[in-house]
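Take a look at the structure below.
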Amino acid sequence: MFDLEQERVFYPSITAKVLKSGKRETGIQYTKKGEIFQIESIPVKNEVGEVVRVLSITKDAPELTQLKRNLEDTKALLDSYQREIVSFRQDKYEDKALIFKDKKMEEVFELIRSVASVDTTVLILGETGVGKQMVANQIHSMSHRRDKPFITINCGAIPENLLETELFGYEEGAFSGTRKGGKLGLLQIADKGTIFLDEIGELTPTLQVKLLRVLQEKVIMKVGGTKEQKIDVRIITATNKDLKKMILTGTFREDLYYRIHVVPIQIPPLRERREDIHALSYYFLKRFNKNYQKYIQLLPNQLEQLLGYSWPGNVRELENVIERIVVLEKPIFFEKKLPVESYFHEQSIFKDQITNLTETMEKIEKDILLKTIEHCSTTREMAKRLGVNQSTIVRKLQKFGIR
């Protein structure tokens, strides 16, 4: 009986429980074929009280078998919903084109076109806000995987203890509070498609090892799991950090670096792409005019100063500035005696009449976040600088639509 239980011909063996306890036992027993039975086992003892036989009464449990099937159906439905939720999260990138006119970005686009047709790993490099997400999306949309999932995950925006389960999923019972039936990881959801790991330099050493195995063997193992599962997914990564320096300091694995660095794509900062400033300004202007039902135009002197600004926050900062111009509902004139930076960074909300405390505090809060994000590469750095939790930063960025 113990051997059969170990081989999982049926489990758990109610008879084996009786042999251990010497008492009558009841319980549910499963078979290797997936059948479910209700078992009552009764010990038969000799004159000295030793168990010499066990009488087991087996009752079929069709309602339990049906319940198991329903549970499996529910799990499949939950997995389907999870895939749909991730799909909805990614839809905002599908209809966004890569806007450029500058010669440097033409060269980048040609490189994108070359790597899109093959499944090699790509490392996208560039400052915060240059458009690494859009480049990753462009690679996927031009590849043979275009009709499959495109999943984005910011490795710096998710707490370390949650990132592993987000990427790899977990089995039921892996830790307290797990969902019935476990959970799919984003790597599984992205199967046959593409996963974009932004801020790859934020991965912990443990996750770096697990990611390396995914790249080498094309297999994953869920948290709390015992079996590896094959996956077919293209991995694109991005960072604004110097990974070579991180290798020297021991914070990034050299073998992983060479695995993701097969084809590097360097995106130049916006200040080096003056023609793109012009193209993007009018693209954002058209978009925000449509969103807010406005008809704001850029004046010649405004465009001149936009072209002359250094844009430390790159495309993200330009997008926020154009939105600000549209929302203010009036032409913005720059002071000729003042540098353009004074308008973008030093304009105080207290020059306007304060009428509502909540609105005023939100303006201050948003302004602080915009200034901080220009000097921080991750939400963890922002949280540390501002003295709050990382989850607070992520929530505030989502609230104000700062990406």
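We're numbering straight along the sequence, starting at 1. No experiment lies behind these values; they were computed from the predicted model shown. Note that these values count all heavy atoms, side chains included, but never hydrogens, waters or copies made by symmetry.
- Scanning both residues, Gln208 and Phe252, for their nearest heavy atoms gives OE1-CA, 3.5 Å.
- Here the options are Ile220, Ile235, Leu167, the test is side-chain contact (heavy atoms from CB on, under 4.5 Å), and the partner is Leu211; only Ile235 passes.
- A donor-acceptor distance shorter than 3.5 angstrom exists from the side chain of Lys132 to the backbone of Gly126, with no hydrogens or angles considered.
- Nearest approach of Ser13 to Ala16, heavy atoms of both residues: OG-N, 3.0 Å.
- Closest approach of Ser281 to Leu298, counting heavy atoms only: CB-CD1, 4.0 Å.
- One distance of note links CD1 of Ile325 with CG of Leu285; it measures 8.0 Å at 0.5 Å rounding.
- More than 12 heavy atoms of other shown residues, nucleotides or ligands fall within 6.0 angstrom of atom CD in Glu272.
- Contact annotation: the side chain of Ile277 never approaches that of Arg273 to less than 4.5 Å [non-hydrogen atoms, C-beta and beyond].
- Among residue pairs with one or both ends in residues 1-10, none qualify as side-chain hydrogen bond (donor to acceptor under 3.5 Å, both in side chains); sequence neighbours excluded.
- Taking the side chain as every heavy atom from C-beta outward, Leu386 and Leu369 approach each other to under 4.5 Å.
- Considering only heavy atoms from C-beta on, Ile260 comes within 4.5 Å of Leu243 through its side chain.
- In summary, Glu166 and Lys183 engage in a salt bridge, as defined by a charged side-chain N under 4.0 Å from a carboxylate O.
- By the 4.5 Å heavy-atom criterion applied to side chains, Ile112 and Val135 are counted as neighbours.
- With salt bridges taken as basic N to acidic carboxylate O contacts below 4.0 Å, none links Lys384 and Glu381.
- One finds the CG atom of Asn289 at 10.5 Å from the NZ atom of Lys286 (value rounded to the nearest 0.5 Å).
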Mind running side chain to side chain contact (heavy atoms under 4.5 Å, CB included) on Val44 and Val54 for me, showing each step along the way?
CA-CA 6 Å; Val44 178; Val54 176; over 6 Å; no

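- Side-chain atoms of Asn314 and Glu127 form a donor-acceptor pair, as typed in the model, at a separation below 3.5 Å.
- Under the rule for a side chain to side chain donor-acceptor pair (under 3.5 Å), the partners of Gln229 that lie at least two apart in sequence or sit in another chain are Gln188.
- Ser41 and Glu25 share no side-chain donor-acceptor pair at under 3.5 Å.
- In this view, Glu40 and Arg24 satisfy the salt bridge (Lys or Arg N to Asp or Glu O under 4.0 Å) rule, not counting sequence neighbours.
- Looking only at distances, no side-chain donor or acceptor of Thr194 sits under 3.5 Å from a matching main-chain atom of Ala190.
- Here Ser143 contributes atom OG and Arg113 contributes atom CZ; the two are 14.0 Å apart, rounded to the nearest 0.5 Å.
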Lys396 vs Thr392, test: side chain to side chain contact (heavy atoms under 4.5 Å, CB included). Steps then yes/no.
CA-CA 6 Å; Lys396 295 292 184 183; Thr392 300; 4.2 Å; yes

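- Interatomic distance, Thr237 OG1 to Asp198 CG, rounded to the nearest 0.5 Å: 9.0 Å.
- Panel note: side chain Asp232, backbone Asp191; no donor-acceptor pair is recorded below 3.5 Å.
- For the pair Lys23 and Lys17, the minimum side-chain heavy-atom distance is 4.5 Å or more.
- Looking only at atom types and distance, the side chain of Tyr292 has a donor-acceptor partner in the side chain of Glu323 under 3.5 Å away.
- With contacts defined as side-chain heavy-atom distances shorter than 4.5 Å, the pair Val321/Trp311 qualifies.
- In Tyr258, the OH atom is not crowded: 12 or fewer heavy atoms of neighbouring residues, nucleotides or ligands sit closer than 6.0 Å.
- Heavy-atom minimum distance, Tyr30 versus Pro12: CD1-CD, 4.4 Å.
- Legend: residues meeting ring pair (Phe, Tyr, Trp, His ring centres under 6.0 Å) with Phe100, ordered by chain and number and at least two apart, are Phe109.
- Considering only heavy atoms from C-beta on, Leu397 stays 4.5 Å or farther from Val394 through its side chain.
- A donor atom on one side chain and an acceptor atom on the other are found under 3.5 Å apart for Thr251 and Thr249.
- By the 4.5 Å heavy-atom criterion applied to side chains, Gln138 and Met134 are not counted as neighbours.
- By the 4.0 Å N-to-carboxylate-O rule, Lys241 lies close enough to Glu202 to be salt-bridged with it.
- The CD1 atom of Ile231 lies 8.0 Å from the CD1 atom of Ile195; values are rounded to the nearest 0.5 Å.
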Give every donor-acceptor pair under 3.5 Å between a side-chain atom in residues 118-125 and any protein atom, sequence neighbours left out.
| residue | atom | partner | partner atom | Å |
| --- | --- | --- | --- | --- |
| Asp119 | OD1 | His144 | NE2 | 3.1 |
| Asp119 | OD1 | Arg145 | NE | 3.2 |
| Asp119 | OD2 | His144 | NE2 | 3.3 |
| Asp119 | OD2 | Arg145 | NH2 | 3.0 |
| Thr121 | OG1 | Arg259 | O | 2.7 |

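- A cation-pi contact, defined as under 6.0 Å to the ring centre and within 45° of the axis, links Lys210 to Phe168.
- Using a cutoff of 4.0 Å between basic side-chain nitrogens and carboxylate oxygens, Asp242 and Lys244 are not scored as salt-bridged.
- Shortest non-hydrogen contact noted between Ile28 and Ile14 is O-CD1, 4.3 Å.
- In terms of heavy-atom proximity, Pro268 sits nearest to Lys104 at CG-CB, 4.0 Å.
- Proximity of a side-chain donor or acceptor of Arg380 to a complementary backbone N or O of Ile158 within less than 3.5 Å is detected.
- Screening Asp102, Val315, Leu318 against Asp276 for a side-chain contact (heavy atoms from CB on, under 4.5 Å) leaves a single residue, Asp102.
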Test Val108 against Leu98 for side chain to side chain contact (heavy atoms under 4.5 Å, CB included), laying out the working first.
CA-CA 11 Å; Val108 170; Leu98 188 64; 5.8 Å; no

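- Formation of a donor-acceptor pair under 3.5 Å by the Gln390 side chain with backbone atoms of Gly156 is found in this model.
- Taking Tyr282 as the reference, His278 meet the ring pair (Phe, Tyr, Trp, His ring centres under 6.0 Å) condition, with sequence neighbours excluded.
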Any chance you could lay out the side chain to side chain contact (heavy atoms under 4.5 Å, CB included) test for Thr26 and Ile39, step after step, and finish with the verdict?
CA-CA 6 Å; Thr26 60; Ile39 309 291; over 6 Å; no

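- Here Lys20 contributes atom NZ and Thr15 contributes atom OG1; the two are 12.0 Å apart, rounded to the nearest 0.5 Å.
- Remark: the backbone N or O of Asp147 is not paired with any side-chain donor or acceptor of His140 at under 3.5 angstrom.
- A salt bridge is absent between Lys45 and Glu50: the closest approach of a Lys/Arg side-chain nitrogen to an acidic carboxylate oxygen does not fall below 4.0 angstrom.
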